[in-house]
Amino acid sequence: MTKQVLPLIEKIPQTILGFLESSPSCWSSSLSKTTQAHARILKSGAQNDGYISAKLIASYSNYSCFDDANLILQSIPDPNVYTFSSLIYALTKAKLYSQSLGVFSRMFSRGLIPDTHVLPNLFKVCAELSAFRAGKQIHCVACALGLDGDGFVQGSLFHMYMRCGKMGDARKVFDRMYNRDVVTCSALLCGYARKGCLEEVVRVLSEMESSGIEPNIVSWNGILSGFNRSGYHKEAMVMFQKMHHLGFLPDEIAVSSVLPSVGDSERLDIGRQIHGYAIKQGLLKDKCVISAMIDMYGKSGHVYGIIELFEQFELMETGVCNACITGLSRNGLVDKALEMFALFKEQKMELNVVSWTSIIAGCAQNGKDIETLELFREMQVAGVKPNRVTIPSMLPACGNIAALVHGRSAHGFAVRVHLLDDVHVGSALIDMYAKCGRINMSQVVFDMMPTRNLVCWNSLMSGYSMHGKAKEVMSIFESLVRTRLKPDFISFTSLLSACSQMPLEPDSCVWGALLNSCRLQNNVDLAEIAAEKLFGLEPENPGSYVLLSNIYAAKGMWAEVDSIRNKMESLGLKKNPGCSWIQVKNKVYTLLAGDKSHPQIDQITEKMDEISKEMRRAGHLPNLDFALQDVEEQEQEQALWGHSEKLAVVFGLLNTPDGTPLQVIKNLRICGDCHSVIKFISGYAGREIFVRDTNRFHHFKDGVCSCGDFW
DNA sequence: GTAGGGTTAG
């Protein structure tokens with residue numbers, strides 16, 4: 001019997017002592033033994049004894065019967081610290097942290113004083129919940145009770161502050177600890193590395209040396225992983241070299257901890273040296289080393305490195321395959337990545353959420369929007385549950401092609417699995433809704449976020465700016481300035497595109513905006529200046545040539561139009577073909593400008609004729625300023641009717657029930673003629689029509705457009 | 001009954 005139990009036993013009546021002296025199996029060898037013991041206790045009237053009830057609580061908790069345990073606690077008229085602490089211990093062990101804290105607060109409010117046994121449990125709870133304030137309060141209680149010199153209390157307290165990232169508090173506890181060993185020192189080293197404090201790391205190392213505590217491989221690996229995980233790449237590489245220099249041979253863990261930093265710094269030279277070292281030490285059998293090495297080559301743009309390592313590694317291991325998919329997509333080889341992914345499926349490889357998210361992100365980042373959505377569906381069919389990384393990876397694809405239905409269902413999923421607290425998920429939703437024309441939903445998502453970072457604010461501002469809502473952008477910017485966050489380049493870009501002060505050196509975006517205003521104002525002279533700047537800044541972008549040519553064409557300056565066309569030809573630049581997308585019944589259809597091979601072309605032409613006649617009858621004439629060829633009027637008119645956004649809208653009219661809103665996206669700017677035709681259709685056909693072009697949103701309703709005919 | 005190290009997805 002321990003010292004603590006003996007005084008308790010002296011107070012226990014004789015009948016109860018009988019239970020204690022019987023073998024432990026009588027209490028807790030099975031749940032039924034516990035229930036039997038419970039029944040006997042109730043019969044003997046011993047249930048109100050603090051120690052006996054504590055043992056019962058511990059036994060019930062052992063079988064996760066926390067309700068029974070709680071009931072016992074509540075039924076005792078006069079529970080003691082030991083009774084409460086047995087439940088606190090059990091709940092903490094079962095990771096029911098909030099409940100554990102709840103029991104503690106009940107205990108504390110009854111005036112019971114925590115002891116050196118309860119306190120470590122409480123600090124562990126605070127550590128797991130990152131509940132720094134609660135932890136600090138309990139620390140104060142411990143100090144007031146004079147219990148903060150206890151080794152266990154100090155150890156758990158130190159751990160709690162470390163987990164909460166409070167290095168100052170952790171260090172104060174550390175300095176008072178008498179049982180500092182290599183384990184505690186390693187934890188401290190890792191904590192400082194996570195904060196990027198190279199100086200502190202070096203100081204702790206020298207303190208260890210002077211107090212005769214030798215750092216081991218785990219200490220070094222902790223330093224490496226700490227620096228690496230928080231993005232201190234240079235520091236991670238410095239410490240890797242230092243460790244090697246001091247004679248510690250980096251092992252598998254050291255190598256896989258430092259390689260991500262090497263890749264992020266694009267230090268292919270260092271990466272190759274580590275590769276050589278890994279071969280020499282025989283570390284290339286380890287799956288983490290292989291994946292990290294593949295990842296390093298991928299980040300450094302060395303595709304052959306990826307393939308070579310992948311082919312050398314004999315095992316088909318999920319992590320290694322995932323690293324390959326990411327490495328290939330990162331370097332634009334998304335088709336190759338898709339090919340590999342198909343092969344993995346064929347070979348019945350175990351594909352996890354990282355595998356699916358990797359290929360989904362690869363597709364989304366390489367313009368394969370439709371594939372992205374298909375893979376997202378396929379993933380769920382395969383029984384792999386998307387997570388907080390998958391959702392923000394696939395949402396941009398929904399935004400790009402305005403696949404509102406898919407975006408909404410991803411939103412619904414995020415709600416069901418409680419992902420809305422995540423800033424990445426939130427920002428991606430804000431962006432998706434804005435691009436799908438639902439800026440109000442963007443605002444709703446933003447308003448409901450519990451915490452917001454700069455990306456969330458920027459997404460909302462760029463959303464409003466895309467919708468031409470300058471006032472809103474400015475008022476959001478003002479609110480942003482009132483927070484602790486600091487607006488960055490992106491915030492200012494949204495603000496600038498919404499208003500026109502300009503404290504920065506104009507870049508291609510600004511000159512592009514100016515060129516577009518010249519088109520609106522028919523200002524050829526200024527347009528030529530802006531276009532010249534753009535030709536210098538982005539000589540390979542056909543957009544600025546086309547825009548200037550449009551301005552000439554609108555003024556009937558056909559010689560200038562020709563000269564621009566010749567210039568483009570001599571530079572080998574081609575006008576991007578006009579292309580629009582529309583979603584009909586969950587499927588996205590692509591329509592190309594002037595495409596006469598479309599299966600429904602006859603119906604489309606017929607419908608267009610009908611609309612054209614109706615328009616003429618209503619007094620609208622086609623706006624030939626936007627026809628870009630110097631040809632006869634009738635031909636020009638036909639070219640206008642071949643514009644992809646008109647084709648898409650008419651296609652939508654034909655293939656959806658009356659009254660269904662239509663959603664179209666265009667890869668170029670919408671032309672003025674299309675704008676007035678679509679405005680007309682929205683009234684004539686009674687449809688709400690959303691058209692998103694490369695930089696603006698147009699919401700047509702009852703013959704009017706949200707942009708006020710100015711874009 | 002406290003306490004240290006790894007890869008691949010945004």
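All chains are named by letter (A, B, ...) in the order of the sequence lines, taking the proteins before the strands, and each is independently numbered beginning at 1.
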Next on the checklist: Going by side chain to side chain donor-acceptor pair (under 3.5 Å), name the residues that satisfy it together with A:Asn453, two or more places apart in sequence or in a different chain.
Outcome noted: none

Checklist entry - To the nearest angstrom, how far is A:Asp181 atom CG from B:dA3 atom P? => result 12 Å

Show the atom names and distances, to 0.1 Å, of all donor-acceptor pairs under 3.5 Å that link a side chain in residues 235-253 of chain A to residues at least two apart or in another chain.
residue, atom, partner, partner atom, Å
A:Asp251, OD1, A:Asn221, ND2, 3.3
A:Asp251, OD1, A:Ile253, N, 3.2
A:Asp251, OD1, A:Ala254, N, 2.9

Identify every side-chain donor-acceptor pair in residues 280-287 of chain A under 3.5 Å, counting partners at least two apart or on other chains, and give the distances.
residue, atom, partner, partner atom, Å
A:Lys285, NZ, A:Gly282, O, 3.1
A:Asp286, OD1, A:Cys288, N, 2.9
A:Asp286, OD1, A:Val289, N, 3.1

Next on the checklist: Going by side-chain contact (heavy atoms from CB on, under 4.5 Å), name the residues that satisfy it together with A:Thr390, two or more places apart in sequence or in a different chain.
Outcome noted: A:Val353, A:Thr357, A:Ile360, A:Phe376, A:Met379, A:Pro386, A:Asn387

Item to check | Whole-Å gap separating C1' (B:dT2) and CG (A:Leu157) | outcome: 10 Å

Checklist entry - Can you name the residues that form a side chain to side chain donor-acceptor pair (under 3.5 Å) with A:Arg229, not counting sequence neighbours? => result none

Next on the checklist: For a quick check under 3.5 Å, do A:Thr318 and A:Asn352 share a side-chain donor-acceptor pair by atom type?
Outcome noted: no

Item to check | Partner set under side chain to side chain donor-acceptor pair (under 3.5 Å) for A:Glu207, not counting sequence neighbours | outcome: A:Arg171

Item to check | Any residue of residues 301-314 of chain A with a heavy atom less than 4.0 Å from an atom of DNA chain B | outcome: none

Checklist outcome for this item: Hits for side chain to side chain donor-acceptor pair (under 3.5 Å) against A:Arg377, two or more places apart or cross-chain, chain-then-number order -> none

Next on the checklist: Can you build the contact string for nucleotides 4-10 of chain B? Use B for base contact, S for sugar-phosphate-only contact, and - for no protein heavy atom under 4.0 Å.
Outcome noted: BBBBBBB

